[in-house]
2 protein chains.
Amino acid sequence: MDARTPSALKPRKRPRQARARVTVDAIFEATIQLLLKDGPHRLTTTRVAERAGVSVGTMYQYFPNKQALVYALNERYLEVLAEKIESTCRAQHGAPIGQMVEALVDTYWRAKTERADVTRALYRSVAEMDNQTLVDDFAARVNAATTAMLASASDTTLDDLEATNLTLVTVIFGTVRNAFERTLPAAQAEALRGQLVTMCRAYLDAVTA
Amino acid sequence: MDARTPSALKPRKRPRQARARVTVDAIFEATIQLLLKDGPHRLTTTRVAERAGVSVGTMYQYFPNKQALVYALNERYLEVLAEKIESTCRAQHGAPIGQMVEALVDTYWRAKTERADVTRALYRSVAEMDNQTLVDDFAARVNAATTAMLASASDTTLDDLEATNLTLVTVIFGTVRNAFERTLPAAQAEALRGQLVTMCRAYLDAVTA
DNA sequence: GTAATATATGAAGGATTGCTCAGGTTCAGG
DNA sequence: CCTGAACCTGAGCAATCCTTCATATATTAC
């Protein structure tokens with residue numbers, strides 16, 4: 001758990017026994033399902049506990065309040081996502097730059113598509129409860145990884161690494177998100193993903209020449 | 001008011017006298033301010049009325065419930081935004097395609113930047129209350145306008161107008177939104193806007209050649 | 001086996017919220 | 001000036017909702 005986590009949102013205690021770990025997982029899963037079904041403003045501690053098959057009191061043994069629950073959920077999700085991105089960046093170290101962005105788009109797109117409904121549910125929950133800290137931390141972490149990757153490109157050195165990196169990351173992440181909110185038919189979504197890669201490559205050609 | 005507005009969200013009645021119009025405006029403004037200050041999940045009918053300087057009952061004379069209030073607010077905002085975009089598209093009819101996207105980015109970016117705080121507040125409120133209908137309508141409207149514009153380009157005809165249009169719109173809108181959530185320093189934001197234009201132009205060169 | 005610890009329960013308290021309604025005030029038209 | 005329509009008031013009801021705590025069970029360590 002991040003040291004930067006606001007104290008009011010820090011988990012009360014970690015599960016030590018196996019059954020407790022099962023319980024906490026069930027609580028997380030129940031939260032996702034409810035977020036999905038009813039949206040964030042109908043997310044209730046009672047309902048979460050009910051669906052998780054535990055009592056409210058149990059939930060409060062691990063999370064000091066409702067917000068902390070959603071916070072922890074997003075933290076968990078972003079942690080996994082950040083790791084995937086970092087892994088891709090490491091794998092592409094020293095590759096040609098065009099291949100890099102393609103890999104980045106692929107990784108991010110796939111991560112979001114794997115459980116599209118969960119993605120949507122969490123996007124909404126981040127907005128409702130305010131988890132800006134989480135988002136900022138995530139952004140910083142991703143930024144470091146992609147910057148390092150781009151700097152190692154075998155076929156070019158970028159004039160303004162910072163600016164190009166910021167542009168690529170913002171465009172890719174923003175586009176993916178927007179694509180999700182439109183709930184496009186699969187074929188169109190797939191086409192869009194291809195076009196996004198084309199676009200990024202064209203951009204890199206332009207700022208490289 | 002759109003005919004597609006779900007009946008549970010339709011305004012109860014329109015203000016007929018001048019003082020009533022003032023009241024409704026005050027209610028809208030109060031909603032924005034509270035959304036800004038405390039986020040959507042602390043938006044309360046009592047608080048809205050209080051800050052607007054009217055009583056709760058007054059609010060309920062024009063809106064059947066809280067959700068309808070937020071809905072109407074976003075409807076108003078998106079209406080203005082859609083008009084700006086349509087206006088730009090008309091103005092660029094028959095222009096070179098590169099100039100078109102530049103104008104589109106400019107218009108959208110400026111519209112969002114003019115009152116950046118309001119933009120952020122509304123982004124969040126759309127997510128919390130579910131106003132998907134509004135977003136979909138907006139998307140369809142913008143789509144029609146930009147498609148018509150792109151089709152009239154003086155210097156090229158696009159192979160796949162639909163796909164290119166979808167790509168451009170999704171990328172531009174998504175990027176702008178993401179840029180806002182990161183609360184970038186003004187200089188970086190400005191640079192990003194420029195890079196976005198470069199990117200779109202490079203993309204158009206690529207799919208046109 | 002037993003003490004210490006971890007985990008689970010759920011009724012109930014306290015606070016808040018969305019919304020109504022019976023009764024007032026202001027305005028516009030005649 | 002008068003009357004009906006438009007507009008406004010705000011105490012209070014009903015419905016939740018978040019959270020606690022006294023109590024009970026399961027697990028681990030010895």
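FYI, side chains are in, hydrogens and waters are out, and symmetry mates aren't considered; it's all heavy atoms of this structure. A quick note: this is a predicted structure, and the numbers were derived from the prediction, not measured. Letters A, B, ... are given to chains in the order of the sequence lines, protein chains preceding strands, and every chain is numbered from 1.
Looking at heavy-atom distances under 4.0 Å, A/Thr45 makes contact with a base. Among the atoms of the strands shown, only primed sugar atoms or phosphate atoms (P, OP1, OP2) are found under 4.0 Å from some heavy atom of A/Arg47. Residue-level contact check: A/Leu69 touches neither bases nor backbone, having no heavy atom under 4.0 Å from any strand.
Contact check for B/Glu86 versus B/Arg90: side-chain heavy atoms found under the 4.5 Å cut-off.
Legend: residues meeting side-chain contact (heavy atoms from CB on, under 4.5 Å) with B/Phe138, ordered by chain and number and at least two apart, are B/Leu78, B/Leu81, B/Ala82, B/Ile85, B/Val142, B/Phe173. Every residue two or more places apart in sequence or in another chain was checked for a side chain to side chain donor-acceptor pair (under 3.5 Å) with A/Asp160, and none qualifies. Residues passing the side chain to side chain donor-acceptor pair (under 3.5 Å) test with B/Asp117, sequence neighbours excluded: none. Residues passing the side-chain contact (heavy atoms from CB on, under 4.5 Å) test with A/Val197 are A/Glu102, A/Val105, A/Arg201, sequence neighbours excluded. Looking at residues two or more places apart in sequence or on another chain, you find a side-chain contact (heavy atoms from CB on, under 4.5 Å) between B/Gln61 and B/Lys13. Every residue was checked against the side chain to side chain donor-acceptor pair (under 3.5 Å) condition with A/Thr164, not counting sequence neighbours, and none meets it. The side chain to side chain donor-acceptor pair (under 3.5 Å) check on A/Gln188 picks up nothing, with sequence neighbours excluded. With sequence neighbours left out, the side-chain contact (heavy atoms from CB on, under 4.5 Å) criterion links A/Arg177 to A/Tyr123, A/Glu181, B/Arg177, B/Glu181.
The stretch residues 17-38 of chain B comes close to DNA chain C through B/Gln17, B/Arg19, each having a heavy atom under 4.0 Å from the strand. Non-hydrogen atoms lying under 4.0 Å from DNA chain C are contributed by A/Val54, A/Ser55, A/Gly57, A/Thr58, A/Gln61, A/Tyr62, all within residues 53-63 of chain A.
Chain A approaches DNA chain C within less than 4.0 angstrom (heavy atoms of the protein), and the contacting nucleotides run 5' to 3' from C/dA6 to C/dG10. The span of DNA chain D lying next to chain B, judged by atoms under 4.0 Å from heavy atoms, is bounded 5' to 3' by D/dA6 to D/dG10.
Looking only at distances, a side-chain donor or acceptor of A/Arg120 sits under 3.5 Å from a matching main-chain atom of A/Phe180. Using a distance-only test at 3.5 Å, with no hydrogens or angles considered, no donor-acceptor pair links the side chain of A/Ser87 to the main chain of A/Glu83.
Checked options B/Leu168, B/Ile172, B/Thr88, B/Asn165; the residue passing with B/Thr146 is B/Asn165 (criterion: side chain to side chain contact (heavy atoms under 4.5 Å, CB included)).
Within 6.0 Å of the CZ atom in A/Arg16, the count of heavy atoms belonging to other residues, nucleotides or ligands does not exceed 12.
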